[in-house]
Q: 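My questions all concern the structure below.
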Amino acid sequence: MKTYKLTAFEANGEKLLDEAFQAENDDAAKKQGEKLLSEKNLLEKTHRCVSPSGKLLLFHS
């Protein structure tokens, strides 16, 4: 399992979510990140999900 980082922000830069989670691979992490954002109603906010190697998996501005 690898540790991925998910963050979401308001337009003014206020951090709404800063969470690390475990996933087996990048595809699973992308799905899990989208699920977490959806559950917290943050899909339309600026967000990003990055892999342990720094690869950007999800991004919305």
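Computed over heavy atoms, backbone and side chain alike; hydrogens, waters and symmetry mates excluded.
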Q: Using salt bridge (Lys or Arg N to Asp or Glu O under 4.0 Å) as the criterion, list what pairs up with D18, not counting sequence neighbours.
A: K5, K15
Q: In chain order, what residues pass the side-chain contact (heavy atoms from CB on, under 4.5 Å) check against E10, with sequence neighbours excluded?
A: N12, E14, L16, K45
Q: Side chains of C49 and F21: does their closest heavy-atom pair fall under 4.5 Å?
A: yes
Q: What is the distance from atom NZ of K35 to atom CG of L43, rounded to the nearest 0.5 Å?
A: 13.0 Å
Q: Do you know which of L6, L58, L56 makes side chain to side chain contact (heavy atoms under 4.5 Å, CB included) with R48?
A: L56
Q: A side-chain contact here means heavy atoms from C-beta on lying under 4.5 Å apart; do L57 and Y4 qualify?
A: yes
Q: Quick one: salt bridge (Lys or Arg N to Asp or Glu O under 4.0 Å) partners of K2, sequence neighbours excluded?
A: none
Q: Write down the atom of T3, the atom of A20, and the distance for their closest heavy-atom approach.
A: CG2-CB, 3.9 Å
Q: Rounded to the nearest 0.5 Å, how far does OG1 of T7 lie from CG of L17?
A: 7.5 Å
Q: Does anything in residues 22-31 form a salt bridge (charged side-chain N to carboxylate O under 4.0 Å, His left out)? List the pairs, not counting sequence neighbours.
A: D26-K55
Q: Which residues pass the side-chain hydrogen bond (donor to acceptor under 3.5 Å, both in side chains) test with S38, sequence neighbours left out?
A: none
Q: CG/L37 to NE2/H47 distance, rounded to the nearest 0.5 angstrom?
A: 5.0 Å
Q: Who are the salt bridge (Lys or Arg N to Asp or Glu O under 4.0 Å) partners of E34, not counting sequence neighbours?
A: none
